[in-house]
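Okay, structure first, notes after.
In what follows, every chain begins at residue 1, and chains take the letters A, B, ... in the order their sequences are listed.
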There are 2 protein chains.
Amino acid sequence: MTSILNVPAANQLLVELPEVERNAFMAACDTVELSFGEVLLQPTETFTHVYFPIDSFISLIVVIDTEKQLEVAMAGREGMLGSSLVLGIDEAPLLALVQGAGSALRIDAGAFQQLLLSTPVLHQRLKRYIYVVMKQLATSAACNHFHRIEERLARWLLMTQDRAGTDQLNLTHEFLAMMLGVRRAGITLAAIAMQTRGLIRYQRGTITVLDRLGLIEASCECYSDDCALYAKMLPVL
Amino acid sequence: MTSILNVPAANQLLVELPEVERNAFMAACDTVELSFGEVLLQPTETFTHVYFPIDSFISLIVVIDTEKQLEVAMAGREGMLGSSLVLGIDEAPLLALVQGAGSALRIDAGAFQQLLLSTPVLHQRLKRYIYVVMKQLATSAACNHFHRIEERLARWLLMTQDRAGTDQLNLTHEFLAMMLGVRRAGITLAAIAMQTRGLIRYQRGTITVLDRLGLIEASCECYSDDCALYAKMLPVL
DNA sequence: AAGCGTCGGCACGCTAGCGTACATAACGCT
DNA sequence: AGCGTTATGTACGCTAGCGTGCCGACGCTT
């Protein structure tokens, strides 16, 4: 298992739905473009829409205070933003920040909840997705606590690469520092080490993944655990 | 807000249910005694039962390897073990360890899933509970990353006291070290500091909370955030 | 071509917490 | 009373990462 994602350019929670469900969904949704840095939701804000990224992806971030924040989950085309609504809660638990620009399917929150009533297959799949997210949140808690910056950075780059679908990532050290909840200088050191080993190359805001397998080896097992979890719980059908 | 829990000696997810739902539930469940140290479930094991603690409580633990483990959630009489089944998943995401001996209501996993079909109020309440747990998992991730041992220990003691319902806790430094994912010696130092300040007293496996308010002040805001979240999402009705 | 803002390299002293190891102290048995 | 077991105190050197600040380099703008 080297990636969460299989290739199709569609949201993977929506592929291979029964015809009826697919049509019902498509009738209710529209396509929107998300741009980098856009904040889709602040914590405790009310959901107006649910998003199913196609080639965009979204970071879910815990904000403790202005200085302290930490990404705890990502939603790309393997996932969604707004899973709380599946539980009947219309409040956002986390800060949702667009981390990779691109398109997403969007559906009105109310319409989405209505829709779920008549789409059992989708509904069940989204419940599985919630389970996956919960398990990943738990793993992240341990990962952030036990693993070192370099391992975590490697994992993060891999996860991002999977969702971005390219080996060129537009990221500054500053940004990575916020995601991992560490100093900018800490990222610089880790990045230098990884560049020296030939795993990545970077320059002024661009990181290129050179050696994916090497990166996987440099990352903590949390990455492959995540992939395995996806594969098991949400196989691309 | 000084505690998650209001007083009644019953599981709070089950109080004030409609008569019909309550009866249906009670008909399907029985009462069991849980003893300290009992492992109710290993990760990826299949649920056979769901537990609603009455005066017992359960730690949910991420195990990375034998050396590295970390408690990420607790289930006492404010919660349950087996919420994944509400999502239709019969696999345990985490290690479940009985941390406080006592009784719990237990219900067969299959019967529980059947029951949910005819108990909409309960079902909705349990979905809210899942939301709360998710948000707490996310908070925990940040807390374990950013906050220092002493703050985390204070938080942990408060959470435990709420669920144990007594100010005498039977806990060794060793055990606390496992829960927080730190060295035993690290706990000893933090505990000494807290004892010196008159917040707690302890001796050979017993910790007594002397100054609850002082402890709250010594803890990170994560504690009161948790309490506030409960109060908001699962008010004792 | 010059200037400016952003990005990355680097260095300083500092702290929290680690791994380890050993000593003492309390308790529970027999 | 003596013994082993378990819990706690403490000390050592070590590491990762912190906060900060400064400098140089790149690249965009004008």
Anything under 30° is parallel, anything over 60° is perpendicular, the rest tilted; go ahead and classify A/Tyr129 against A/Tyr230. tilted
Criterion side chain to side chain donor-acceptor pair (under 3.5 Å) on A/Glu221 and A/Ser224, from CA distance to verdict: CA-CA 5 Å; A/Glu221 336 77 59; A/Ser224 35; over 6 Å; no
Looking for any heavy atom pair under 4.0 Å, which part of the strands does B/Gly205 touch: base, sugar-phosphate only, or nothing? sugar-phosphate
Would you give a per-nucleotide map of nucleotides 20-30 of chain D, 5' to 3', where B means the base has a protein non-hydrogen atom under 4.0 Å away, S means only the sugar-phosphate does, and - means neither? BB---BBS---
In whole angstrom, what separates A/His173's NE2 from C/dC10's P? 12 Å
Parallel, tilted or perpendicular: rings of B/Phe175 and B/Trp156 (30°, 60°): perpendicular
Electrostatic pair B/Arg163-B/Asp55, nearest N-O below 4.0 angstrom: no
Roughly how many Å is it from CD in B/Gln195 to P in D/dA7, rounded to a whole number? 17 Å
If you fit an axis to the five pairs at each end of the helix from C/dA1-D/dT30 to C/dT30-D/dA1, how big is the angle between those two axes, to 10 degrees? 30°
Contact class for B/Leu189 (heavy atom, under 4.0 Å): base, sugar-phosphate, or nothing? nothing
How close or far is atom C1' of C/dA16 from atom CD1 of B/Ile192, stated in whole angstroms? 16 Å
Steps toward salt bridge (Lys or Arg N to Asp or Glu O under 4.0 Å) verdict (A/Lys135, B/Glu91): CA-CA 11 Å; A/Lys135 200 157 171 176; B/Glu91 175 190 293; 3.5 Å; yes
Please state how far atom CD in B/Glu151 lies from atom C1' in C/dG17, giving the value in whole angstrom units. 14 Å
Among A/Thr208, A/Ile207, A/Val209, which residue satisfies the side-chain contact (heavy atoms from CB on, under 4.5 Å) criterion with A/Gln168? A/Thr208
Which whole-number value in Å describes the distance from A/Arg148 CZ to D/dC18 P? 13 Å
Give a yes-or-no answer on whether the side chains of A/Ser219 and A/Glu151 include a donor-acceptor pair shorter than 3.5 Å. no
Interatomic distance, CZ@B/Arg152 vs CG@B/Leu157, rounded to 0.5 Å, equals 12.0 Å
To the nearest angstrom, how far is A/His147 atom NE2 from C/dG17 atom C1'? 17 Å
Considering just the side-chain nitrogens and oxygens of B/Tyr202, establish if one lies under 4.0 Å of OP1 or OP2 belonging to C/dA26. no
Kindly determine whether A/Glu217 and A/Arg197 satisfy salt bridge (Lys or Arg N to Asp or Glu O under 4.0 Å), including the steps that lead there. CA-CA 12 Å; A/Glu217 216 158 306; A/Arg197 284 198 275 151; over 6 Å; no
Distance, rounded to the nearest Å, where B/Ile207 contributes CD1 and C/dA26 contributes P: 17 Å
Between B/Thr206 and A/Lys68, just flag the one whose closest nucleotide in DNA chain D comes earlier from the 5' side. B/Thr206
CE of B/Met194 versus P of D/dG9: gap in Å, rounded? 13 Å
